[in-house]
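Have a look at the structure below before the remarks.
Order of listing sets the numbers, starting from 1, for every ligand and every atom in it.
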Amino acid sequence: MTERRNQPAIRAEGLTRRFGDRTALAGVDLEAAPGTVLGVLGPNGAGKTTAVRILSTLLRPDSGE
Ligand SMILES: Nc1ncnc2c1ncn2[C@@H]1O[C@H](COP(=O)(O)OP(=O)(O)O)[C@@H](O)[C@H]1O
Ligand SMILES: [Mg+2]
């Protein structure tokens, strides 16, 4: 079985997402280690909800993984 404890629970690289002319995410990288809490802070419109929707598979990014 693959050892997972030393790997991130979440790993995102280069997430981009546009809505028409608006760029909601422009290359977001983040990692969250297993058993930790990651806070995502930013002003309204920063792209927090878009990022969480992508990480939870509710929305597809235009690029990134
Ligand atoms: N479904 C959508 N259609 C068009 N624009 C959107 C949509 N969702 C988000 N946006 C735009 O993308 C940007 C990021 O929004 P959002 O991820 O909701 O930010 P936050 O959650 O940080 O306030 C904003 O400019 C918002 O207006
Ligand atoms: Mg939001």
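- What sits closest to atom 17 (O) of ligand 1 on the protein, heavy atoms only, is Thr50 OG1, 2.6 Å.
- Between Thr49 atom OG1 and Leu58 atom CG the span is 11.0 Å, to the nearest 0.5 Å.
- The N/O atoms of Phe19, backbone and side chain alike, include none that comes under 3.5 Å of an N/O atom in ligand 1.
- The N/O atoms of Ala46, backbone and side chain alike, include one that comes under 3.5 Å of an N/O atom in ligand 1.
- Taking a 4.0 Å cut-off on heavy atoms, Gly42 fails to register as neighbouring ligand 1.
- Using a 4.0 Å cut-off to heavy atoms of Thr49, the atoms of ligand 1 that qualify are 17 (O), 18 (O), 20 (P), 21 (O).
- Heavy-atom separations between Pro43 and ligand 1 include at least one value shorter than 4.0 Å.
- In terms of protein heavy atoms, atom 19 (O) of ligand 1 is closest to Gly47 N, 3.1 Å.
- Atom 14 (C) of ligand 1 has as its closest protein heavy atom Gly45 O, 3.4 Å.
- Of all atoms in ligand 1, listed by their number and element, those nearer than 4.0 Å to a heavy atom of Asn44 are 23 (O).
- Taking every heavy atom of both residues into account, Gly47 and Leu25 meet most closely at O-CD2, 3.5 Å.
- The side-chain heavy atoms of Leu15 and Thr50, taken from C-beta on, include no pair separated by under 4.5 Å.
- Considering backbone and side-chain N/O of Arg53, none are found under 3.5 Å from N/O of ligand 1.
- Among the backbone and side-chain atoms of Thr49, an N, O or S atom lies under 2.8 Å from the Mg ion (ligand 2).
- For the pair Asp29 (side chain) and Gly14 (backbone), a donor-acceptor distance under 3.5 Å is present.
- Contact of the Leu38 side chain with the Leu30 side chain is registered, since non-hydrogen atoms from C-beta on lie closer than 4.5 Å.
- Interface of Ala24 with ligand 1, defined as ligand atoms under 4.0 Å from a residue heavy atom, comprises 12 (O), 13 (C), 14 (C).
- In this structure the side chain of Lys48 never reaches within 4.5 angstrom of the side chain of Val52, judged on heavy atoms.
- In this structure, Leu55 and Ala12 approach most closely via the heavy-atom pair CD2-CB, 4.0 Å.
- In plain terms, the two heavy atoms of Arg17 and Ile54 that are nearest each other are CB-CD1, 4.1 Å.
- Between Ala9 and Pro34, the closest heavy-atom pair is N-CD, 3.7 Å.
- For atom 22 (O) of ligand 1, the nearest non-hydrogen atom from the set Arg22, Arg18, Lys48 comes from Lys48.
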